[in-house]
Amino acid sequence: MTETISAAQARRITLAAQGFGRPRPASVGIRQIDAVVRRMGLLQLDSVNVFERSHYLPVFARLGAYDKADLDRLTFGKKARYTEYWAHVAALIPLESWPLWRWHMAWHRDLYASRPASSWVNSNGEMLDWLRAELAAKGPLPASKIEHDANRRRGGWWEWSDVKIGLESLFFMGEVVSAGRTNFERTYALAEQVMPAEFMASEVSKHDAIRHLLLRAAESYGVATMADLADYYRLMKGWVAPILAELVDEGALVPVTVRGWERGGKPIPAYLHPDARIPRRIETAALLSPFDPVVWYRERALRLFDFHYRIEIYTPAPKRIYGYYTLPLLIDDQIVGRVDLKSDRQNGVLRVQSAWREPHAIGTEIEARTAQLLRKTAAWQGLDAIEVMNWGDLAAGLAAELKVTVLPRV
């Protein structure tokens with residue numbers, strides 16, 4: 001008989017699996033940071049820096065204030081324990097996980113080869129050969145330092161030059177890897193120039209790699225549907241389904257029903273990791289990155305937290321409902337609101353550009369706990385003051401708790 005768990009239990013299982021609800025260490029160093037990132041399995045990268053770059057935020061959410069230079073050394077330094085690949089999207093993964101993606105790199109090579117001769121990769125073989133030779137001769141380089149007539153952006157920010165397109169294509173195929181970042185710009189290198197020999201020599205079959213990634217996703221989520229597990233590392237459902245069935249048959253994952261997880265009036269099959277904890281309660285207060293694993297799969301965030309989430313970066317300003325880059329506000333085991341933050345580093349101010357309470361969020365502690373969290377956030381960012389704009393139904397109460405005047409919305 002399939003076990004049934006409540007929606008509240010599913011939330012607590014997920015948050016515990018993600019590292020929430022644990023006592024925070026008195027001091028945070030590389031060892032604690034490394035443990036948190038490995039628990040998640042990866043850190044998604046994103047270039048938006050209006051408040052703070054996304055990959056710094058999940059560590060702060062789980063551990064509190066820490067030195068970002070420690071995370072940089074761990075992930076981008078000369079002795080980094082992490083590398084980058086398109087795992088989920090552009091993400092940092094443990095160095096030893098790189099061989100698990102070699103089948104995916106081969107899949108990309110086959111995908112490019114199957115495209116028409118007029119496609120970019122198939123019609124730019126000379127450029128790809130030149131880039132290989134350039135990196136072989138000069139060693140790791142960022143795209144901006146590669147001298148070539150084609151290294152000119154053709155339009156806006158995402159209109160990459162042919163040099164950048166070529167490097168990214170080689171990156172997808174695994175011939176080129178990241179050799180760190182400087183000012184967030186990736187440095188590219190041939191894989192054999194920087195990847196440890198044991199990982200270059202390691203071959204993992206597609207079946208075994210997907211099996212490992214599914215188990216890692218299940219461990220990181222605690223309880224999840226097939227769609228949730230597939231999304232964690234952006235694996236196609238057709239790849240996942242037969243291996244998921246194997247894991248269930250072996251007892252590596254336990255089928256469960258979560259009350260309220262339904263589609264068309266029928267329960268959505270879910271799977272519990274055997275080592276998942278079911279805490280009686282979760283105590284935490286955290287700002288979540290839009291790309292935190294807790295909320296990055298929007299359908300799951302809706303199921304778990306009744307939280308409908310879209311970031312509005314690409315929405316014209318007059319049409320934004322909540323703000324440019326709103327961060328979900330997690331208090332205990334509920335997402336109770338969202339705040340749009342901006343770090344005004346020149347003036348030493350953390351600007352709360354909007355603050356909203358979720359319709360289901362009740363209680364009088366939200367404003368007080370959010371104010372306390374924002375004070376800690378400002379201190380972590382090295383900012384001396386907090387300002388609150390008059391936008392959102394949480395703004396006035398939050399300003400009152402912070403003892404600041406609500407400012408007109410800009």
Side-chain angles (χ1 to χ4, degrees), residues 18-19 24-25 27-49 51-102 104-105 139-145 167-168 171-172 174 176-196 198-200 202 213 216-217 219-220 232-234 286-294 296 343 380-382:
Q18 282 287 313
R24 291 184 173 178
S27 62
V28 178
I30 285 180
R31 184 172 62 85
Q32 290 80 12
I33 295 169
D34 187 40
V36 161
V37 180
R38 287 180 184 277
R39 176 177 289 275
M40 289 184 284
L42 73 169
L43 278 179
Q44 182 173 335
L45 296 166
D46 188 76
S47 61
V48 175
N49 195 28
F51 163 56
E52 182 55 273
R53 294 198 191 279
S54 177
H55 67 286
Y56 292 116
L57 297 180
V59 177
F60 177 64
R62 289 155 177 81
L63 292 178
Y66 71 100
D67 187 344
K68 292 185 294 180
D70 283 341
L71 182 59
D72 291 342
R73 281 190 287 273
L74 188 65
T75 54
F76 300 133
K78 291 182 179 179
K79 296 183 179 180
R81 302 177 196 174
Y82 291 79
T83 189
E84 293 183 43
Y85 192 61
W86 209 258
H88 194 76
V89 292
L92 294 159
I93 59 174
L95 198 58
E96 65 271 18
S97 294
W98 186 79
L100 295 173
W101 294 97
R102 297 191 73 180
H104 197 261
M105 299 164 191
L141 290 168
S144 62
K145 298 295 183 183
L167 290 169
E168 286 294 303
F171 178 73
F172 272 108
V176 161
V177 299
S178 172
R181 287 183 180 239
T182 302
N183 296 325
F184 206 65
E185 182 183 14
R186 182 189 290 140
T187 296
Y188 297 88
L190 296 177
E192 58 268 23
Q193 290 174 325
V194 298
M195 193 59 62
E198 64 266 31
F199 300 144
M200 290 294 297
S202 178
L213 293 169
R216 283 294 298 114
E219 187 177 10
S220 296
Y232 206 88
Y233 289 106
R234 292 289 169 90
L287 294 168
L288 302 179
S289 158
F291 309 114
D292 190 297
V294 173
W296 65 13
S343 292
W380 175 58
Q381 287 285 294

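Positions are given from 1, in the same order as the sequence printed here. The model shown is predicted, which means the values in this text are computed figures rather than measured ones.
- Inter-residue side-chain proximity for Thr187 and Arg181 is flagged as unmet; no heavy-atom pair is nearer than 4.5 Å.
- In this structure, OG in Ser220 is found 8.0 Å from CG in Leu42, a value given to the nearest 0.5 Å.
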Might you work through the side-chain contact (heavy atoms from CB on, under 4.5 Å) test for Leu190 and Val176, ending with a clear yes or no?
CA-CA 4 Å; Leu190 296 177; Val176 161; 4.2 Å; yes

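- For the pair Leu74 and Ile33, the minimum side-chain heavy-atom distance is below 4.5 Å.
- Side-chain atoms of Arg234 and Val89, non-hydrogen and from C-beta on, do get closer than 4.5 Å to each other.
- Salt-bridge annotation for Arg38 and Glu96: present, with a side-chain N of the basic residue lying under 4.0 Å from a carboxylate O of the acidic one.
- In terms of heavy-atom proximity, Pro58 sits nearest to Ser289 at CD-CB, 4.4 Å.
- Between Phe60 and Trp380, the ring planes lie parallel to each other; the angle is under 30°, not in the 30° to 60° tilted range.
- For the pair Arg24/Leu63, no side-chain contact is recorded, criterion being any heavy-atom separation below 4.5 Å from C-beta on.
- Side-chain atoms of Gln18 and Arg62 include a donor-acceptor pair closer than 3.5 Å.
- Residues Gln32 and Tyr66 have side chains that never bring a donor and an acceptor to within less than 3.5 angstrom of each other.
- Cation-pi geometry between Arg53 and Tyr56 is not met at under 6.0 angstrom from the ring centre and within 45 degrees of the axis.
- Using modelled atom types, one side-chain atom of Thr75 and one backbone atom of Leu71 make a donor-acceptor pair closer than 3.5 Å.
- Salt bridge Arg73/Asp70: present, at least one basic N to carboxylate O contact under 4.0 Å.
- No side-chain heavy atom of Leu92 sits less than 4.5 Å from a side-chain heavy atom of Val37.
- In this structure, the separation between CH2 on Trp101 and OH on Tyr85 is 7.5 Å, given to the nearest 0.5 Å.
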Show your reasoning for whether side-chain hydrogen bond (donor to acceptor under 3.5 Å, both in side chains) applies to Ser343 and Glu52.
CA-CA 7 Å; Ser343 292; Glu52 182 55 273; over 6 Å; no

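- A cation-pi arrangement, defined by a distance under 6.0 Å to the six-membered ring centre and an angle within 45 degrees of its axis, is present between Arg186 and Phe171.
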Take Glu219 and Arg39, measure what salt bridge (Lys or Arg N to Asp or Glu O under 4.0 Å) needs, and give me the verdict at the end.
CA-CA 8 Å; Glu219 187 177 10; Arg39 176 177 289 275; over 6 Å; no

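- Thr83 and Ser178 are not linked by any side-chain donor-acceptor pair at a separation below 3.5 angstrom, with hydrogens and angles left out of the test.
- Counting heavy atoms from C-beta on, the side chains of Pro140 and Tyr188 never come closer than 4.5 Å.
- Asn183 places no side-chain N or O within donor-acceptor distance of the main-chain N or O of Glu185, the cut-off being under 3.5 Å.
- With Tyr233 as the aromatic partner, Arg216 does not meet the cation-pi criteria of under 6.0 angstrom to the ring centre and within 45 degrees of the ring axis.
- Classified by interplanar angle (parallel below 30°, tilted 30° to 60°, perpendicular above 60°), the ring pair Phe184/His55 is parallel.
- Note that CD of Gln44 is 6.0 Å distant from CH2 of Trp296, once rounded to the nearest 0.5 Å.
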